[in-house]
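Dropping the structure in here first, questions after.
Start at 1 and go down the list; that is how both ligands and their atoms are numbered.
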Amino acid sequence: AKADGRGVHRFYREELLHGAQNRKRLEDDLRRALAAGEFRLAYQPVVSTADARIMGYEALVRWDHPQRGAVSPAEFIPVAEECGLIEAIGAWVLDTACAEAATWPDHVRVAVNVSPIQFANPRLPALVAGALAATGLAPHRLELEITEGVFLNEDASSEQMFRALKALGVRLALDDFGTGYSSLGYLRKAPFDKIKIDQSFVRGAIQPGNRNAAIIRAIVSLAETLGMETTAEGVEQQDEIVLIRGLGCSHIQGYVYGRPADAGTVRAQLDAAEGY
Ligand code: C2E
Ligand code: CA
Ligand code: CA
Ligand code: CA
C-alpha cells in the first residue's frame with residue numbers, strides 16, 4: 001500500500017505539472033470520491049500522560065480509491081487544497097467527526113484538522129456552529145487543529161477568525177509545532193488551548209545526547225506559562241512514554257497507544273475503558 005501511495009503521489013505531481021486540463025481531472029476524481037463515499041475517518045487516541053486515560057481522538061481522513069487502493073492524506077490533502085476541494089472535504093470531515101464523537105462518553109473529545117484554506121474562509125465559524133448544532137456535540141468537546149500555515153497571510157482577518165472560533169466555545173490546538181516558521185509570535189497572539197509537539201522532536205529524543213528532549217522541555221515550559229496543554233505526537237515506544245512523562249507533556253499520541261482506527265474499534269476501546 002505504501003508503494004501504491006507513492007505511485008499515486010507521482011501520478012498527481014505529474015498531472016499537476018501538466019496544466020489546467022489534468023488538474024481538472026484530479027479535481028473531478030476527488031469530487032467523485034466525495035460523492036461516491038470513498039472517504040472515511042480513522043480515529044487515533046490521545047491519552048493523558050498522568051494516568052493513561054483516553055482523553056480524546058484525532059480524526060484523520062482516509063481515501064479508499066477503487067483502483068489505486070489507500071491514498072495517504074499527506075498526498076491528496078495538498079491537491080485538494082490546490083483545487084479548492086478541501087472546503088467540501090473539510091466540511092464532510094467536520095460533520096462526520098462531530099456526529100461520531102456525539103456518541104462517545106461526555107469527557108471524550110474529538111480533534112479535527114482544519115486546513116489554512118478553510119481557516120481563511122469567513123464562513124468557517126458558521127460551518128463549525130452548524131456541525132455542532134446538527135450533531136448536538138458540546139462545543140468544548142471539539143478541538144480544531146490548525147497549523148502554522150494559517151499565519152502565512154497574516155492580517156486582521158486571522159485574528160477575527162480566532163475570536164469567532166473561540167466565541168463558539170471550541171478548543172484550538174497548534175499542530176506540528178516547531179516545524180514551520182517563527183512560531184513564538186503566533187503563540188503570543190492566538191488563543192490556543194494546546195500545542196502539539198511535532199513527532200520529529202519525539203524521534204530520537206530518548207537517545208543519550210540528543211537535543212530533542214531539551215527542546216521538548218522548553219516547549220512544555222513555554223506552554224505551561226501560557227496556560228496551554230501539550231501533546232507529544234508520534235510516540236511509538238514505551239521508553240518514549242517514560243521520557244515524555246518526565247518532560248511534563250500533558251498528553252501523548254502515537255502508535256504506542258493506538259494506530260488510527262475505524263469508528264467501531266473506537267467504540268469497543270471506549271466500552272472496555274468505561275464499562276458503559
Ligand atoms: P497530522 O495532523 O500531523 O497527523 C498525524 C499523523 O501522524 C497521522 O498521519 C498519523 O497517522 C501519524 N502518526 C500518529 N502516530 C504516529 C506514530 O506513532 N508514528 C508515526 N510514524 N506516525 C504517527 P496521517 O493520518 O497519514 O495524516 C497525515 C497528515 O494529513 C496529517 O498530519 C494532516 O496534516 C493531514 N490530514 C489528515 N486528515 C486530515 C483532514 O481531515 N483534514 C486536513 N486538512 N488534513 C488532514
Ligand atoms: Ca493534526
Ligand atoms: Ca501533527
Ligand atoms: Ca504532521
Can you give me every donor-acceptor pair (side chain of residues 235-246, partner residue at least two apart or in another chain, under 3.5 Å) with its distance?
from   : atom 1 : to     : atom 2 : distance (Å)
Glu240 : OE1    : Glu236 : N      : 2.7
Glu240 : OE1    : Gln237 : N      : 3.0
Arg245 : NE     : Thr49  : O      : 3.3

Heavy atoms, side chains only, cut-off 4.5 Å: are Leu172 and Pro191 in contact? yes
Relative to the heavy atoms of Ser115, which atoms of ligand 1 are at a distance of less than 4.0 Å? 44 (N)
I'd like to know if Leu226 and Leu165 are part of one continuous hydrophobic network [Ile/Leu/Val/Met/Phe/Trp/Tyr, side-chain heavy atoms within less than 4.5 Å]. yes
Taking distance alone, with N or O pairs closer than 3.5 Å, would you say Glu145 contacts ligand 1? no
I need the minimum non-hydrogen distance between Leu85 and Glu27, along with the two atoms involved. CD2-O, 3.9 Å
Under 4.0 Å between heavy atoms, the region of Val93 that gets near ligand 1 turns out to be side chain
Nearest heavy-atom pair of Gly248 and Val220: which atoms, and what distance? O-CG1, 3.6 Å
Is it true that Arg68 and Asp29 make a salt bridge, defined as a side-chain N closer than 4.0 Å to a carboxylate O? yes
Please confirm whether Tyr255 comes within less than 3.5 Å of ligand 1 when only nitrogen or oxygen atoms on both sides are compared. yes
Looking only at atom types and distance, does a side-chain atom of Asn212 sit under 3.5 Å from a main-chain N or O of Ser200, one as donor and one as acceptor? yes
Answer side chain, backbone, both or neither: which part of Val235 comes under 4.0 Å from ligand 1, heavy atoms only. backbone
Salt bridge between Arg267 and Glu100, side-chain N to carboxylate O under 4.0 Å? yes
Parallel, tilted or perpendicular, judged at 30° and 60°: which one describes the rings of Tyr57 and Trp104? tilted
Proximal ligand 1 atoms for Asp176, defined as those under 4.0 Å from one of its heavy atoms: 3 (O)
Within less than 4.0 angstrom of ligand 1, does Arg62 place any heavy atom? yes
Sort by chain and number the protein N/O/S atoms found under 3.0 Å from the Ca ion (ligand 2). Glu58 OE2, Asn113 OD1, Glu145 OE1, Asp175 OD2
If you compare Ser72, Ala111, Pro73, Pro116 by their heavy atoms, the one closest to atom 37 (C) of ligand 1 turns out to be Pro73
Record the part of Arg259 in heavy-atom contact with ligand 1 below 4.0 Å; permitted values are side chain, backbone, both and neither. neither
Within the structure, is a non-hydrogen atom of Gly234 found at a distance of less than 4.0 Å from ligand 1? yes
Given Leu60, Val61, Ile89, Ile86, which has its nearest heavy atom closest to atom 40 (C) of ligand 1? Val61
Can you tell me which portion of Asp175 lies within the under-4.0 Å heavy-atom range of ligand 1? Options are side chain, backbone, both, or neither. side chain
How about Phe192 and Phe162: are their ring centroids closer than 6.0 Å? yes
Under 4.0 Å from a heavy atom of Glu233: give me the atoms of ligand 1 that qualify, with their elements. 3 (O)
Numbering the atoms of ligand 1 from 1, which are under 4.0 Å from a heavy atom of Pro260? 11 (O)
Are any of the heavy atoms in Glu58 under 4.0 Å away from ligand 1? yes
Give a yes or no on whether a salt bridge exists between Arg40 and Asp64, defined as a side-chain N under 4.0 angstrom from a carboxylate O. yes
Select one of side chain, backbone, both or neither to describe which atoms of Gln44 lie under 4.0 Å from any atom of ligand 1, heavy atoms only. side chain
Tell me the contacting part of Gln199 for ligand 1: side chain, backbone, both, or neither, using a 4.0 Å heavy-atom threshold, strictly below. side chain
Can a salt bridge be assigned to the pair Asp176 and Lys196 using a cut-off of 4.0 Å between side-chain N and carboxylate O? no
Parallel, tilted or perpendicular, as decided by the 30° and 60° cut-offs, for the rings of Phe76 and Trp63: perpendicular
How about Arg211: does its CZ atom have over 12 heavy atoms from other parts shown lying under 6.0 Å from it? no
